[in-house]
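Side-chain atoms are counted along with the backbone in the values below, which use heavy atoms only and exclude waters and symmetry mates. Numbers here are sequence positions counted from 1.
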Amino acid sequence: MLTRHANRSTVRENPRPPMEVMLQSLAPRHREIILATYFQGRTTGEAAQALGLAPGTAKERLYHAMRVLSWMVETYRQDGALTRN
């Protein structure tokens, strides 16, 4: 998305990547726990039950998924694009 500053005629890109792009870049196990908790409004325990996981496994996956998303956002800010090693 492009934004135009009110006092300037310069155009700059939004510093955040689209959430859909970031989610598609996640490993399936990380994507499903993010979707089950944040987008479907479930607690970690409810998500664990829905996904057939032990509660500790769901918590661990959610923790790692959030770390990967955080890394993606930081990489995007530095490079201007999503990249994955």
### Task
Treating Ile, Leu, Val, Met, Phe, Trp and Tyr as nodes and any side-chain heavy-atom pair under 4.5 angstrom as an edge, say whether Met19 and Met72 lie in one connected cluster.
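Looking at the clustering, Met72 is in the same group as Met19.
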### Task
May I ask you to check whether over 12 heavy atoms, not counting those of Glu32, lie within 6.0 Å of atom CD?
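Result for CD/Glu32: enclosed.
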### Query
Is the number of heavy atoms from other residues, nucleotides or ligands within 6.0 Å of CD (Glu74) greater than 12?
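Yes, the 6.0 Å shell around CD holds more than 12 heavy atoms from other groups.
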### Query
Between Thr43 and Thr37, is any pair of side-chain heavy atoms under 4.5 Å apart?
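Side chain of Thr43 against side chain of Thr37, heavy atoms only: no contact under 4.5 Å found.
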### Query
With side chains defined as the heavy atoms from C-beta onward, is the minimum distance between Ile34 and Met66 less than 4.5 Å?
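Result yes, sub-4.5 Å side-chain heavy-atom pair found.
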[X] side chain to [Y] backbone, donor-acceptor under 3.5 Å:
{"X": "Thr57", "Y": "Leu53", "result": "no"}
{"X": "Gln24", "Y": "Val21", "result": "no"}
{"X": "Arg31", "Y": "Leu26", "result": "yes"}

### Query
Which value, rounded to the nearest 0.5 Å, describes the distance between Tyr38 atom OH and Ile33 atom CD1?
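With rounding to 0.5 Å, OH (Tyr38) is 10.0 Å from CD1 (Ile33).
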### Query
Can you tell me how far CG of Leu62 sits from CZ of Arg67, rounded to the nearest 0.5 angstrom?
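Here the interatomic distance stands at 13.0 Å.
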Please find the pair of heavy atoms, one from [X] and one from [Y], that lie closest to each other, and give the distance.
{"X": "Arg61", "Y": "His30", "value": "O-CD2, 3.6 Å"}
{"X": "Ala58", "Y": "Ala48", "value": "CB-CB, 3.5 Å"}
{"X": "Arg42", "Y": "Ala50", "value": "NH1-CB, 3.5 Å"}

